[in-house]
Asks: 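Before I ask anything, here is the structure I am working with.
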Amino acid sequence: MTSTSRRSALRAGAGALGAAVADTLATGCGAPGSTGGAAPPAPAKRPAAPAAPRRAPAPHRFPGLPVQITNGPRDRPRVALTFHGQGDPATAKAVLAEAERAGAHLTVLAVGGWLDTYPRLARRILDGGHDLGNHTQRHLTISAMGEREAYAEITGCADRLRRLTGSIGTWFRPSRTQYATPLVQRLARRAGYPHVLSYDVDSLDFTSPSARAVTRKITGEIRNGSVVSLHFGYADTVAALPALLDALDRRGLRAVTTTELLTR
């Protein structure tokens, strides 16, 4: 998609966000067809076997990078928009649709309890070409937990991801903290995650400061290789996304998955 067409798509999508949210709450239903009464009905066809869902990517190990990653290479115009996966599924679907309309790919760190309630969102995220990872089972303050409880938080979400997608997810991010403690880093590696994903730009969208404030905060700090922290479930985030993606496009910054960000 060219820069001009991407910006046109973003402008078109900006006015349709309310409809996008509403659409995700509706279930489409096709109208029954008519045989016309003249020709006999066609013989029933044997339904094809459903295709097996593709296996989700496993965690990646990036030699030379630290266990805790806060950003990608600074010499390439790529950034990663990472979303804490929790909240209203309609809002989540609206965010995904808006990103896809602009040709952007996201990284979603899902809460296990959220996946328990909305299991189909795991496949929706992957089918859109986005990264899907682990943001603990209950989204509690993991840095204040003992070893056993913290490990259960990590593996609880990992088990749900494996059951839904065949993989524990590509990334782990600790809950309610920007940085993982040495203990949490060690437990994440034991659970199968070579790296812990942090970030270098905090949108502060969870404070509901207004869509304009979210966009201003990110665009004021983002640069090549940045990893941005955002959240599903906040109206300001949905409203800010078209303007944010348009601003990144004007600056020549491409929004990619974290895996793409770190892959040479």
Side-chain angles (χ1 to χ4, degrees), residues 1 5-10 12-14 16-28 50-60 72 78-112 114-115 117-135 157 160-173 197 203 205 227-234 237-246 248-249 253-263:
M1 181 182 288
S5 61
R6 188 180 297 115
R7 283 195 291 270
S8 297
L10 284 165
L17 281 175
V21 174
D23 287 346
T24 59
L25 292 173
T27 301
R54 64 182 179 85
R55 186 179 179 86
H60 297 264
R78 298 180 182 178
V79 296
L81 304 180
T82 67
F83 283 79
H84 300 231
Q86 195 174 26
D88 182 359
T91 304
K93 291 176 184 178
V95 168
L96 294 170
E98 187 63 29
E100 290 157 13
R101 189 178 295 118
H105 290 134
L106 312 177
T107 299
V108 180
L109 293 313
V111 174
W114 186 66
L115 293 176
T117 306
Y118 309 109
R120 293 185 180 180
L121 281 176
R123 184 52 55 183
R124 168 65 184 88
I125 291 164
L126 291 171
D127 287 347
H130 311 287
D131 271 358
L132 177 62
N134 178 333
H135 196 37
C157 185
R160 280 147 182 82
L161 285 166
R162 184 186 293 107
R163 173 171 48 83
L164 292 171
T165 72
S167 165
I168 64 172
T170 47
W171 299 99
F172 168 73
R173 172 173 286 170
L197 183 60
S203 69
D205 60 344
V227 177
V228 184
S229 171
L230 293 136
H231 296 74
F232 286 158
Y234 292 90
T237 309
V238 181
L241 201 56
L244 172 60
L245 292 171
D246 199 12
L248 296 181
D249 184 52
L253 293 173
R254 183 182 170 209
V256 299
T257 67
T258 306
T259 302
E260 293 175 286
L261 182 73
L262 299 173
T263 301

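Values reported hereafter were calculated over all heavy atoms of this structure, with side chains retained and with hydrogens, waters and symmetry mates removed.
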Asks: Are Leu164 and Arg123 close enough that some pair of their side-chain heavy atoms sits under 4.5 Å apart?
Replies: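 In short, these two side chains do not touch, never coming nearer than 4.5 Å.
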Asks: Checking the side chain of Thr107 only, and the main-chain atoms of Thr258 only, is there a donor and an acceptor separated by less than 3.5 Å?
Replies: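 Present.
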Asks: At what distance, to the nearest 0.5 angstrom, does CG of Asp88 lie from OH of Tyr234?
Replies: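 One gets 12.5 Å once the value is rounded to the nearest 0.5 Å.
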Asks: Starting at OG of Ser203, measure out to CZ of Phe83 and round the result to the nearest 0.5 Å.
Replies: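 Separation between the atoms: 8.0 Å.
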Asks: Under a 4.5 Å cut-off applied to non-hydrogen side-chain atoms, are Asn134 and Ile168 in contact?
Replies: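 Side chain of Asn134 against side chain of Ile168, heavy atoms only: no contact under 4.5 Å found.
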Asks: Report yes or no: do Ser229 and His84 form a side-chain donor-acceptor pair below 3.5 Å?
Replies: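 His84 and Ser229 do have a side-chain donor-acceptor pair below 3.5 Å.
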Asks: What's the shortest heavy-atom distance between Gly87 and Tyr118, and which atoms?
Replies: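 Closest approach of Gly87 to Tyr118: O-CE1, 4.0 Å.
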Asks: Do side-chain atoms of Thr82 reach the backbone of Val228 as a donor and acceptor pair under 3.5 angstrom?
Replies: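 Yes.
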Asks: For Ser167, give me all partners under side-chain hydrogen bond (donor to acceptor under 3.5 Å, both in side chains), at least two apart in sequence or on another chain.
Replies: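 Expected list: none.
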Asks: What's the spacing between Asp131 CG and His105 NE2 if we round to 0.5 Å?
Replies: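 These two atoms lie 10.0 Å from each other.
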Asks: Can you tell me how far the NE2 atom of His60 sits from the OG1 atom of Thr263, to the nearest 0.5 Å?
Replies: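 Between His60 NE2 and Thr263 OG1, I get 6.5 Å after rounding to 0.5 Å.
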Asks: Can you tell me how far OG1 of Thr170 sits from CG of Leu197, rounded to the nearest 0.5 angstrom?
Replies: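 That separation rounds to 8.5 Å.
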Asks: Would Thr237 and Asp205 count as having a side-chain donor-acceptor pair, cut-off 3.5 Å?
Replies: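 The answer is yes; a qualifying pair exists.
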Asks: Could you tell me which non-hydrogen atom of Phe232 sits nearest to which non-hydrogen atom of Ala92, and how far apart they are?
Replies: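 Here Phe232 and Ala92 meet closest at CD1-CB, 3.6 Å.
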Asks: Would you say Arg173 and Val227 make side-chain contact, with heavy atoms under 4.5 Å?
Replies: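 Heavy-atom side-chain distance check passes, below 4.5 Å.
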Asks: How many angstroms lie between CG in Asp127 and CG in Leu121, if you round to the nearest 0.5 Å?
Replies: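 That separation rounds to 11.5 Å.
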Asks: Please name the pair of heavy atoms, one in Pro242 and one in Glu98, separated by the smallest distance, quoted to 0.1 Å.
Replies: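 Nearest heavy atoms, Pro242 then Glu98: CG-OE2, 3.5 Å.
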Asks: Examine distances only and state if a side-chain atom of Arg78 and a backbone atom of Val256 form a donor-acceptor pair shorter than 3.5 Å.
Replies: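 Side chain of Arg78 to backbone of Val256, a donor-acceptor pair under 3.5 Å: no, none is there.
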Asks: Locate the shortest heavy-atom distance separating Leu241 from Ala99; write the atom from each residue and the value.
Replies: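 Nearest pair, atom of Leu241 first, then Ala99: CD2-N, 4.2 Å.
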Asks: Quick check: closest heavy atoms across Leu132 and Ala110, and the distance to 0.1 Å?
Replies: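 Looking at all heavy atoms of both residues, the shortest contact is CD1-CB, 4.0 Å.
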Asks: Taking the side chain as everything from C-beta on, heavy atoms only, tell me whether Val95 gets closer than 4.5 Å to Leu106.
Replies: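 Side-chain contact under 4.5 Å: yes.
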Asks: Can you see which heavy atom on His135 is nearest to which on Leu109, and at what distance?
Replies: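 In this case the closest contact between His135 and Leu109 is CB-O, 3.4 Å.
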